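Take a look at the structure below.
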Amino acid sequence: MAELLAYLARELVDEPDAVRVDTEERDGALVLVLRVAPDDVGKVIGRQGRIARALRTLVRASAAREGRRVLVEIAD
């Protein structure tokens with residue numbers, strides 16, 4: 001799931017080398033923290049958060065196939 005999120009984020013941003021996904025376990029859920037270059041944060045979030053919502057939906061769908069609970073956070 002982290003690889004999926006990283007791939008999708010790399011395709012959206014201007015600096016794909018700056019994309020990093022960190023994983024944490026919190027309250028029984030896997031938390032994926034997406035880090036991008038400061039200039040690319042807006043591109044990952046999108047207008048009114050539409051792109052961020054779509055990324056979260058795709059990752060959750062992938063996690064549901066494995067029976068896991070996954071949260072996506074975008075670091076500032």
Side-chain angles (χ1 to χ4, degrees):
M1 289 164 279
E3 297 86 18
L4 173 66
L5 181 59
Y7 171 76
L8 293 170
R10 276 190 211 100
E11 296 299 317
L12 293 170
V13 299
D14 289 333
E15 296 180 43
D17 295 334
V19 173
R20 199 173 81 225
V21 177
D22 299 327
T23 59
E24 304 174 5
E25 275 293 327
R26 239 190 266 159
D27 300 325
L30 178 65
V31 179
L32 301 176
V33 181
L34 177 62
R35 299 181 191 283
V36 296
D39 293 339
D40 290 330
V41 172
K43 290 178 182 161
V44 172
I45 294 174
R47 291 186 184 198
Q48 298 178 352
R50 288 187 183 136
I51 293 175
R53 195 174 319 121
L55 290 172
R56 288 183 176 111
T57 301
L58 288 169
V59 171
R60 276 194 201 126
S62 173
R65 293 176 56 198
E66 297 179 16
R68 297 236 16 189
R69 190 168 149 242
V70 176
L71 303 172
V72 175
E73 293 181 359
I74 299 171
D76 296 337

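What you see is a predicted model; the values in this text were computed from it and never measured. By convention here, the first residue in the shown sequence is residue 1.
Applying the side chain to side chain donor-acceptor pair (under 3.5 Å) rule to pairs touching residues 51-66 yields nothing, sequence neighbours excluded.
Counting heavy atoms from C-beta outward, Arg26 and Glu73 have side chains that approach closer than 4.5 Å.
Other cluster members for Val33: Val31, Leu71, joined by side-chain heavy-atom distances under 4.5 Å among Ile, Leu, Val, Met, Phe, Trp and Tyr. Membership of the apolar cluster around Val41 extends to Met1, Leu4, Leu5, Tyr7, Leu8, Leu12, Val13, Val19, Val21, Leu30, Leu32, Leu34, Val36, Val44, Ile45, Ile51, Leu55, Leu58, Val59, Val70, Val72, Ile74, as traced through chained side-chain contacts below 4.5 Å between ILVMFWY residues.
Across all their heavy atoms, Ala75 and Arg35 have their closest contact at CB-NH1, 3.3 Å.
At a threshold of 4.0 Å, the pair Glu25-Arg68 counts as salt-bridged, since one of the basic side-chain nitrogens sits closer than that to a carboxylate oxygen.
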